[in-house]
S.K.: 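The structure's right below; bear with me while I get my questions together.
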Amino acid sequence: MKIYKGHLLFTKVQQQFKVIENGYIAVENGKIKGVYTALPQEFENIPVEDFGNRLLIPAMNDMHVHAPQYRNQGIAMDLELLPWLNNYTFPEEIKYADTNYAERMYRRFVRDLWRYGTMRTVAFATIHQPATRLLMQIFQEAGMGAFVGKVDMNRNSPEALCEKVEEAVRKNEELIKEFNTPHSIVKPIITPRFVPSCTPQMLKACGELAEKYQLPVQSHLSENLSEIAWVKELEPESKHYGDAYNRYGLFGQTPTIMAHCVWTDGEELELMKKNKVMVAHCPTSNLNLSSGMAPVRLFLENNIPVGLGSDISGGHNLSIFKIIVYAIQISKMQYQKNKQRAFLTLPEAFYIATKSAGSFFGKVGSFEEDYDFDALLIDDAELNHDNYSLLHRLERFIYLGDDRNIIKRFCQGKEISEPKI
């Protein structure tokens with residue numbers, strides 16, 4: 001058992017922070033045994049690692065990121081979704097047929113996730129099985145949790161990024177047999193890129209894989225109005241974009257996360273609620289690609305689970321702390337459109353980034369009994385120049401701090417050192 005002492009801040013519920021000044025947290029076998037204001041007598045002979053005046057908070061979770069787009073981060077931010085895909089994204093992803101190139105980029109990608117305090121990730125790879133396996137191995141080597149998807153696509157894309165349905169199934173099954181073990185921290189996730197890039201046969205095959213192996217699913221939903229219109233042409237029998245996934249068993253039949261949902265409402269919203277589909281809210285990407293503003297308050301009001309995603313490279317910043325800030329700011333713009341829906345508060349956005357997002361991985365994202373100890377130690381001494389309250393210190397770190405303030409990172413109770421590049 002390990003016991004840590006510090007200022008503990010986390011969100012058991014959406015509406016408020018739990019703050020324990022000079023609190024104790026006991027960790028056994030990677031899980032939290034308890035959180036205390038005073039050390040229980042039963043632990044008095046166990047050494048305590050005292051973090052002094054620093055903040056101890058849950059680690060971040062990135063619920064939607066394209067690992068092979070890492071090189072394009074901060075590039076082509078003046079294009080909308082479809083031109084951006086064709087002119088920048090697809091050409092970059094083709095390069096991942098070369099595993100040497102893939103390793104060079106993926107190692108830097110995982111190292112940067114570590115830098116920004118992201119200990120759990122839901123990632124798209126590419127269609128290339130060897131490079132996808134490599135990304136999963138790099139996450140394993142780092143000790144950081146991830147769902148990694150070999151992307152499946154076979155239409156409306158460059159020939160080099162298309163594959164036959166049977167080939168996609170075979171390559172997925174090989175990765176599933178290798179990585180889908182009960183105690184693995186890195187697991188496969190079924191990943192049809194999005195409806196426009198997948199024929200009905202490919203979508204059906206993906207749904208069958210998810211059902212057969214009881215694997216989660218990730219894709220994109222209602223990101224852009226042009227994309228929604230395109231889906232309507234391609235899947236005329238579907239009631240809406242979400243139904244185009246639902247018909248193939250890809251919309252909550254197993255745990256499902258859909259990125260963006262900028263234009264989700266009506267029947268699509270009701271189906272998400274019924275099927276408990278999680279939204280990966282990606283505010284920086286939605287701004288950069290001129291997609292719109294996702295109605296996060298509407299999702300919360302309907303008990304639809306929400307997490308945050310960096311969506312590199314539609315998004316330009318891997319720090320989920322900065323995504324928290326953008327999510328709050330976007331919600332304030334939504335509030336100007338509809339004063340009946342309040343904008344996000346800091347505890348709500350923090351909860352979304354930690355406990356809500358972490359639920360996709362199990363008991364992750366909070367300092368509660370039996371939760372995995374995923375944590376960050378924050379040294380905000382330079383920001384705390386006038387004896388701010390603990391909550392104001394956390395807020396200032398989220399808005400003003402950066403990776404240099406994160407001095408320790410834990411995942412499943414293990415301190416995670418800097419991954420090699």
Side-chain angles (χ1 to χ4, degrees), residues 1-6 8-10 25-33 47-52 54-63 65 67 70 103 105-123 134-148 179 181 183-187 307-310 312 317-323 350 353-355 357-358 360-368 370-380 397-398 401-421:
M1 181 184 292
K2 294 185 178 180
I3 298 176
Y4 304 103
K5 182 183 180 184
L8 313 180
L9 298 96
F10 56 104
I25 187 163
V27 180
E28 190 170 40
N29 298 321
K31 293 190 176 293
I32 295 169
K33 189 171 178 65
V48 175
E49 186 169 355
D50 191 342
F51 293 143
R54 300 181 177 114
L55 311 178
L56 191 65
I57 64 174
M60 294 294 106
N61 308 287
D62 191 335
M63 305 309 290
V65 61
Y70 172 76
E103 179 166 11
M105 290 300 163
Y106 280 158
R107 285 198 177 278
R108 288 185 171 275
F109 166 71
V110 172
R111 192 278 308 269
D112 275 5
L113 287 172
W114 172 89
R115 279 180 56 209
Y116 292 112
T118 297
M119 293 292 105
R120 308 274 181 151
T121 306
V122 182
L134 187 60
L135 176 58
M136 298 177 86
Q137 290 169 340
I138 291 169
F139 271 116
Q140 283 183 329
E141 178 187 306
M144 294 158 57
F147 283 111
V148 176
F179 289 96
T181 57
H183 301 294
S184 176
I185 198 171
V186 180
K187 293 178 180 288
L308 297 180
S310 66
I312 300 302
N317 197 319
L318 264 174
S319 170
I320 297 299
F321 292 108
K322 299 314 173 199
I323 305 302
F350 192 87
T354 54
K355 188 173 179 178
F360 201 76
F361 300 92
K363 285 190 169 183
V364 171
S366 184
F367 291 163
E368 298 174 52
D370 204 37
Y371 271 63
D372 285 359
F373 184 61
D374 285 22
L376 306 175
L377 183 64
I378 309 300
D379 186 344
D380 66 330
F397 163 68
I398 290 171
D402 58 36
D403 59 291
R404 293 170 295 181
N405 301 111
I406 307 173
I407 59 172
K408 285 183 183 288
R409 300 151 177 86
F410 299 87
C411 186
Q412 284 192 336
K414 298 175 184 175
E415 185 172 352
I416 307 299
S417 56
E418 182 173 354
K420 68 178 184 180
I421 59 172

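All residue numbers in this chain count up from 1 along the given sequence.
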S.K.: Among residues at least two apart in sequence or on other chains, which ones pass side-chain contact (heavy atoms from CB on, under 4.5 Å) with Asp50?
M.R.: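 Listed in chain order: Lys5.
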
S.K.: Which distance, rounded to the nearest 0.5 Å, do you find between the CD of Glu368 and the NZ of Lys31?
M.R.: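 The NZ atom of Lys31 is 12.5 Å from CD of Glu368, to the nearest 0.5 Å.
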
S.K.: With Glu28, which residues qualify under side-chain hydrogen bond (donor to acceptor under 3.5 Å, both in side chains), at least two apart?
M.R.: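 In terms of side-chain hydrogen bond (donor to acceptor under 3.5 Å, both in side chains), with neighbours along the sequence ignored, Glu28 is linked to no residue.
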
S.K.: State which residues pass side-chain hydrogen bond (donor to acceptor under 3.5 Å, both in side chains) with Thr121; sequence neighbours excluded, sorted by chain then number.
M.R.: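 Partners of Thr121 under the side-chain hydrogen bond (donor to acceptor under 3.5 Å, both in side chains) test: none.
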
S.K.: How long is the straight-line distance from CG of Leu308 back to CD1 of Ile320, given to the nearest 0.5 Å?
M.R.: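 Taking CD1 in Ile320 and CG in Leu308, the distance rounds to 6.0 Å.
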
S.K.: Could you grab the distance from atom CD1 of Ile25 to atom CD1 of Ile32, nearest 0.5 Å is fine?
M.R.: 4.0 Å

S.K.: Show the nearest heavy-atom pair for residues Arg107 and Ile138, with the distance to one decimal.
M.R.: CG-CD1, 3.7 Å

S.K.: Quick one, Val186 and Leu135 - any side-chain contact, counting heavy atoms below 4.5 Å?
M.R.: no

S.K.: Return the set of residues passing ring pair (Phe, Tyr, Trp, His ring centres under 6.0 Å) with Phe147 (not counting sequence neighbours), or none when no residue passes.
M.R.: Phe360, Phe361

S.K.: Tell me, please, which residues at least two apart from Asn29 pass side-chain contact (heavy atoms from CB on, under 4.5 Å).
M.R.: none

S.K.: List in chain and number order the residues that pass side-chain contact (heavy atoms from CB on, under 4.5 Å) with Asp380, two or more places apart in sequence or in another chain; answer none if no residue qualifies.
M.R.: Leu55, Ile378, Leu383, Asn384, Arg393

S.K.: What heavy-atom pair brings Pro58 and Ser366 nearest, and what distance separates the two atoms?
M.R.: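 The answer is CG-CA, 4.2 Å.
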
S.K.: Going by ring pair (Phe, Tyr, Trp, His ring centres under 6.0 Å), name the residues that satisfy it together with Phe397, two or more places apart in sequence or in a different chain.
M.R.: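 Checked Phe397 against ring pair (Phe, Tyr, Trp, His ring centres under 6.0 Å); matches are Phe321.
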
S.K.: Drop me the distance from Ile3's CD1 to Lys33's NZ, to the nearest 0.5 angstrom.
M.R.: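 Result: 10.0 Å between the selected atoms.
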
S.K.: I need the minimum non-hydrogen distance between Tyr106 and Ala67, along with the two atoms involved.
M.R.: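 Result for this residue pair: CE2-CB, 3.5 Å.
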
S.K.: Any side-chain heavy atom of Phe10 within less than 4.5 Å of one from Lys355?
M.R.: no

S.K.: Working to the nearest 0.5 angstrom, can you tell me the gap between Lys322 NZ and Met60 CE?
M.R.: 11.5 Å

S.K.: Working note: Asp379 + Asn405, criterion side chain to side chain contact (heavy atoms under 4.5 Å, CB included); need CA distance, chi angles, decisive distance, verdict.
M.R.: CA-CA 5 Å; Asp379 186 344; Asn405 301 111; 5.7 Å; no

S.K.: List the atom of Ser310, the atom of Ile323, and the distance in Å for their closest heavy-atom pair.
M.R.: CA-CD1, 4.2 Å

S.K.: Could you go through the side chain to side chain contact (heavy atoms under 4.5 Å, CB included) check for Val148 and Phe179 one step at a time?
M.R.: CA-CA 10 Å; Val148 176; Phe179 289 96; over 6 Å; no

S.K.: Test of understanding: with salt bridge (charged side-chain N to carboxylate O under 4.0 Å, His left out), list the residues that count as partners of Asp62, not counting sequence neighbours.
M.R.: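 Asp62 satisfies salt bridge (charged side-chain N to carboxylate O under 4.0 Å, His left out) with no residue once adjacent residues are dropped.
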
S.K.: Suppose we screen for side-chain hydrogen bond (donor to acceptor under 3.5 Å, both in side chains). Which residues come up paired with Tyr70, at least two apart in sequence or across chains?
M.R.: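 Per chain and number, Tyr70 pairs via side-chain hydrogen bond (donor to acceptor under 3.5 Å, both in side chains) with Asp112.
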
S.K.: Nearest heavy-atom pair of Met119 and Ala59: which atoms, and what distance?
M.R.: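 Answer, listing the atom of Met119 first, then Ala59: CG-CB, 3.5 Å.
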
S.K.: Using distance only, find each side-chain donor-acceptor pair of residues 409-421 under 3.5 Å and give its atom names and separation, not counting sequence neighbours.
M.R.:
from, atom 1, to, atom 2, distance (Å)
Arg409, NE, Trp114, O, 2.6
Arg409, NH1, Ile406, O, 3.3
Arg409, NH2, Arg115, O, 2.9
Arg409, NH2, Ile406, O, 3.4
Gln412, NE2, Asp372, OD2, 3.4
Glu415, OE1, Lys408, NZ, 3.4
Glu415, OE2, Lys408, NZ, 3.2

S.K.: Holding to side-chain hydrogen bond (donor to acceptor under 3.5 Å, both in side chains), I want the full list of residues that pass it with Asn61, two or more places apart in sequence or in another chain.
M.R.: none

S.K.: Would you name the heavy atoms of Phe367 and Leu9 that are closest together and state the gap between them?
M.R.: CE1-O, 4.4 Å

S.K.: Working to the nearest 0.5 angstrom, can you tell me the gap between Ile57 CD1 and Leu8 CG?
M.R.: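 CG of Leu8 is found 11.0 Å from CD1 of Ile57.
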
S.K.: side-chain contact (heavy atoms from CB on, under 4.5 Å) with Lys2: which residues, sequence neighbours excluded?
M.R.: Tyr4

